[in-house]
Each structure stands twice: as structure tokens, then as C-alpha cells.
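As C-alpha cells, the structure follows; a few thoughts come after it.
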Amino acid sequence: MSVRIGDEAPNFTAETSIGTLNFHEYLGDSWGILFSHPADYTPVCTTELGRTAQLAHEFEKRNTKVLALSVDALHNHTGWINDINETQHTQVQFPIIADTDRTVATLYDMIHPNASATTTVRSLFIIGPDKKIKLTLTYPASTGRNFVEVLRVLDSLQLTAEHSVATPADWQQGQDVIVIPAIPTEEALVKFKKGVTIVKPYLRYTPQP
Ligand code: BEZ
């Protein structure tokens, strides 16, 4: 059963590179990112985990805890983390789940048998402080993810969770945002003090709140 936007993020207890942890307890009141990679000691995965580690401060600024997963064993994670630190010039501080029995991979539908019967695809879930799934991404083994895009989505999710706005295509922090259709224009004109630009009755912009 796949995990979809709006679902509660399934909870689990797992062995990780920093010890045994309970997922919901680990997240606490933070946002969370749970992401899988196909295997330890593989090149694309090395760059992905390295990039995530390099961006640790950005995730921290966004009150977001990161948790990686593969179906490899803990002793593999330990040796591989040394390689990631060395080759990507960083320090991996976030936990990596050793999901050898595939409990978490199955809960989150991370094994796509027509891609690989034994390893996880590149799944990524963003989880809100309410423990609900806010975003799902699935990439094949051959394509590394763009973690700057993950930060951009987090910015959008956190902004739109707080204000009655949505973000347009390619939106970046500081750019105008869209007034959601549920807000009538008369109400929008009162609500958004920085002004509303009406391009069409259904396409209305306001400066980022
Ligand atoms: C990699 O991380 O480099 C990788 C893993 C599995 C298949 C292809 C590439």
C-alpha cells in the first residue's frame, strides 16, 4: 500500500547509524524528511548523502530532521559514512536506517519490484509536524535527486501551511505568491496588506507574506 499526501506517516522503530530510534519520537515537533537510496557504497548515493550532509545547516534552519534508509546492514553504513565524509568533504550527522528486513521499505512502498526486487528506489517523503505526509518523490536509481529543490519545496510547504497562498512554477523565496482560489477577491484585498495583483479572476498574486 503506497503512502500518499495527507496520510499519517507510518511510525516504526529501527536500527540506525546513531542507534535505535522511534521515527515519530525522533521527529518530535519538527518537520521531517525520510529518504531511501538503493545501496551503500554506490556512486550516486554517495553524492546524495554527501549533499544532504553539506546542507545540514539549511535543514536545521527549516526545523527539519533528516533520516536516510537503505536495506544494507549497520556495519556497511558505518564504513560507507567514512567514505562519504572523505569524498564529499562533509560530516554525515543524520541517521541512516539499516532496514535489512525491509520493514520500513515495505511500510513506505520503497521497493518497486519492476525496477529492482531487492533494493529500494530513491523515495523521499516530507512529513509535517502533524506527522502527515506533505510531499512524495520517487526517482530511479540512475538519477540523483536535487536537494536544493527539496529545500525549495520545504520553503513552499512551510509558507503555504501558514498563509492562504500557493507558490507558482519555479517559485523562489522572496518572489510573489498566488492567492488560493478559496479566498474571494474582496477578502483577499483586505487580508493581504501588501496588495493583490489580479491578472485573471482566478490568477491573483501577492508579495510573499
Ligand atoms: C548509485 O547510487 O550510483 C546507483 C545505485 C544503484 C544503481 C545505479 C546507480
Side-chain angles (χ1 to χ4, degrees), residues 1-5 9-10 12-21 23 26-27 30-60 62 64-127 133-155 157:
M1 185 54 186
S2 59
V3 176
R4 296 175 177 174
I5 291 174
F12 55 82
T13 297
E15 296 299 317
T16 82
S17 53
I18 63 162
T20 303
L21 61 76
F23 186 44
Y26 169 71
L27 293 181
S30 303
W31 288 69
I33 293 182
L34 172 66
F35 70 118
S36 59
H37 55 271
D40 295 3
Y41 294 107
T42 51
V44 177
C45 301
T46 300
T47 63
E48 283 198 322
L49 270 70
R51 188 68 183 127
T52 306
Q54 289 164 3
L55 292 169
H57 183 57
E58 295 298 327
F59 289 113
E60 207 175 299
R62 291 162 177 83
T64 300
K65 290 189 176 171
V66 172
L67 186 52
L69 173 148
S70 82
V71 297
D72 288 320
L74 215 46
H75 66 88
N76 292 115
H77 288 354
T78 312
W80 184 43
I81 286 169
N82 292 334
D83 281 6
I84 298 169
N85 292 344
E86 177 195 330
T87 62
Q88 308 304 303
H89 312 291
T90 189
Q91 288 291 318
V92 172
Q93 307 281 3
F94 55 84
I96 307 176
I97 298 170
D99 194 34
T100 49
D101 64 2
R102 295 163 171 68
T103 300
V104 182
T106 303
L107 265 181
Y108 280 82
D109 194 32
M110 291 166 166
I111 294 180
H112 296 196
N114 291 324
S116 166
T118 53
T119 61
T120 46
V121 292
R122 298 187 195 281
S123 297
L124 186 147
F125 299 88
I126 297 184
I127 295 121
I133 301 287
K134 305 298 180 188
L135 174 118
T136 70
L137 267 183
T138 309
Y139 275 43
S142 52
T143 305
R145 287 158 285 198
N146 182 332
F147 288 86
V148 173
E149 168 64 4
V150 173
L151 291 173
R152 191 191 75 88
V153 178
L154 259 177
D155 286 340
L157 289 170

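We count ligands from 1, going down the list as the structure has it; atoms in each ligand are counted the same way.
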Aromatic contact, F35 with F147 (centres under 6.0 Å) | yes
Start with the C-alpha gap between Q54 and T90, add the side-chain angles, then the distance that decides, and say whether side-chain hydrogen bond (donor to acceptor under 3.5 Å, both in side chains) holds.
-> CA-CA 6 Å; Q54 289 164 3; T90 189; 5.4 Å; no
Would you say ligand 1 has an N or O under 3.5 Å from any N or O of T42?
-> yes
N/O of V44 under 3.5 Å from N/O of ligand 1, yes or no?
-> yes
So, W80 versus H75, ring centres under 6.0 angstrom or not?
-> no
From the options V44, T120, T46, L49, select the one residue that forms a side chain to side chain contact (heavy atoms under 4.5 Å, CB included) with H37.
-> L49
Per-atom filter on ligand 1: closer than 4.0 angstrom to a heavy atom of C45 are 1 (C), 2 (O)
Minimum-distance protein heavy atom relative to atom 9 (C) of ligand 1 | A141 O, 3.7 Å
Candidates H37, E48, R122; heavy atom nearest atom 4 (C) of ligand 1 found on R122
Cation-pi check, K65 onto F59 ring (under 6.0 Å, within 45° of axis) | no
